[in-house]
Amino acid sequence: MRLKRIRLRQIRMPLVHHFETSFGRTHERRIVLVEVEDGDGAVGWGEVTCGEAPFYNEEWVDAAWLVLRDFAGPRVLGTEFSSADQIGSLMAVVRGHRMARGGVEAACWELEARRTGQPLWQLIGGTRDETSSGVSIGIQDTVPALLDLIAIEVEAGYQRIKIKIKPGWDVEVVRAVRERFPEVPLMADANSAYTLDDLQVLKALDEFDLMMLEQPLGHDEIFDHAALQRELRTPICLDECIRTDHQAAQAIRLGACRIVNIKLGRVGGYAEAIRIHDTCRDAGVPVWCGGMLESGIGRAHNIALSSLENFTLPGDVSASKRYWKQDIIEPAVEVSPDGRIGMRDQAGLGYALDMDRIDALTERCEDLT
Ligand code: OSB
Ligand code: MG
């Protein structure tokens with residue numbers, strides 16, 4: 001394969017409900033989509049999963065656009081490759097910006113899957129034909145509002161509930177959730193909002209039988225997480241800290257986590273995601289697939305990734321309708337009444353693109369050739 005064109009598109013989509021984490025509130029997404037095309041006219045699609053501002057990590061949509069246009073895109077264009085597995089190394093000269101690079105990498109995997117006529121999840125070596133779905137519920141204005149939302153999602157069949165926490169919205173909120181839902185599989189995600197100075201608060205969460213506590217400490221503080229894990233009964237799950245397979249191996253060796261959240265974008269695409277998956281599997285560390293409020297394209301990629309054998313815990317990949325009035329894929333992602341999403345039989349991502357909708361949402365478009 002040889003790419004003759006990379007089309008960058010930025011779309012704008014309002015969220016059905018705003019989403020609040022410890023670093024801020026999002027009402028509307030701006031999303032960079034990547035369409036790659038080879039010399040035979042075959043195409044593949046990917047999504048850059050960064051946010052609108054550099055708050056989750058250092059990436060954001062405007063930076064991703066420039067990195068892809070000026071540095072990563074030109075490295076891939078016109079270069080012969082026999083497998084999408086090689087795409088990451090072509091762009092490895094770029095430091096950081098893994099979500100930007102990962103959008104191109106994922107698009108090339110979809111291209112290869114379409115060209116070879118197989119579902120993407122099978123091309124990457126997936127063995128699960130369905131994945132368990134959980135929900136991530138943002139910080140709300142009041143505790144009763146949060147409890148009402150959880151009731152809706154439990155009723156819908158989701159297999160676990162994740163709530164976002166931050167200083168001042170933590171122990172008493174989790175206590176209220178546990179009182180109302182004593183049995184529900186529950187976890188909390190702090191998005192790096194605490195430090196080791198908050199040890200007493202974090203230890204207080206131990207009494208609520210959380211499945212895990214996600215990324216309580218700084219985005220690059222693997223060492224401090226190891227110190228924290230020694231003090232907690234609750235398993236720590238790392239998200240922001242894990243960008244590479246090597247970091248996953250180090251975190252596990254140090255005892256910094258017992259679970260890993262794998263996000264396709266955060267780690268720069270499938271090749272690294274698969275390496276992290278394998279390292280965790282070999283160490284007996286379960287993984288699950290995180291989300292970044294993706295459109296249907298990123299969502300479909302997350303579903304494919306979740307077909308790998310060690311994705312044994314419910315992920316954050318949930319139904320399109322929780323985010324979008326109308327998604328950009330057909331059909332929209334749906335979740336069964338018992339909280340599962342099935343892999344699809346069609347080649348590539350397995351969902352059709354609603355090109356009229358994508359065109360209508362497009363704010364800017366640029367072809368790299
Ligand atoms: O930390 O997992 C996170 C959303 C934006 C940024 C970071 C995170 C999240 C989520 C939402 O938790 C996951 C989703 O539903 O897509
Ligand atoms: Mg997280």
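The first residue in the sequence is number 1, and the count goes up from there. When a ligand or atom number is given, it counts from 1 through the structure's own listing order. Side chains included, hydrogens not; waters and symmetry mates left out as well; all remaining heavy atoms used.
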L149-V317 co-clustered via ILVMFWY side chain contacts under 4.5 Å: yes
What about S136: any of its N or O atoms under 3.5 Å from an N or O on ligand 1? yes
Closest protein heavy atom (residue, atom, distance) for atom 13 (C) of ligand 1: G291 O, 3.3 Å
Say whether L293, considering both its backbone and side-chain N or O atoms, lies within less than 3.5 Å of an N or O atom on ligand 1. yes
Would one find an N, O or S atom of E240, in either backbone or side chain, under 2.8 Å from the Mg ion (ligand 2)? no
Would T21 count as a polar contact of ligand 1, with the cut-off being nitrogen or oxygen pairs under 3.5 Å? no
Proximal ligand 1 atoms for N191, defined as those under 4.0 Å from one of its heavy atoms: 1 (O), 3 (C), 7 (C)
Is it the side chain, the backbone, both or neither of K263 that has a heavy atom closer than 4.0 Å to ligand 1? side chain
Give a yes or no on this: more than 12 heavy atoms of other residues, nucleotides or ligands lie within 6.0 Å of atom CZ of R128. yes
For ligand 1 and R299, I'd like to know whether there is a polar contact (N/O to N/O, distance under 3.5 Å). no
Just to confirm my output: which protein heavy-atom neighbour is closest to atom 4 (C) of ligand 1, and how far is it? F19 CE2, 3.6 Å
I'd like to know if the side chain of Y351 pairs up with that of D327 as donor and acceptor (distance under 3.5 Å, no hydrogens or angles considered). no
With D189 as partner, the option from M212, K166, K162 fulfilling side chain to side chain contact (heavy atoms under 4.5 Å, CB included) is K162
Using the Mg ion (ligand 2) as the vertex, how large is the angle between OE2 of E214 and OD2 of D189, rounded to 10 degrees? 90°
Taking both backbone and side-chain atoms of D239, is any N or O found less than 3.5 Å from an N or O belonging to ligand 1? yes
Please check: side-chain N/O of R75 versus main-chain N/O of M91, any donor-acceptor pairing under 3.5 Å? no
Before signing off on this row, confirm whether K164 and ligand 1 have an N or O atom pair separated by under 3.5 Å. yes
Does any N or O of ligand 1 fall below 3.5 Å from an N or O anywhere on D189, backbone included? yes
As a test of reading the structure, name the N/O/S atom of D239 that is nearest the Mg ion (ligand 2). OD2
To the nearest 0.1 Å, how far is atom 14 (C) of ligand 1 from its closest protein heavy atom, and which atom is that? Y323 OH, 3.4 Å
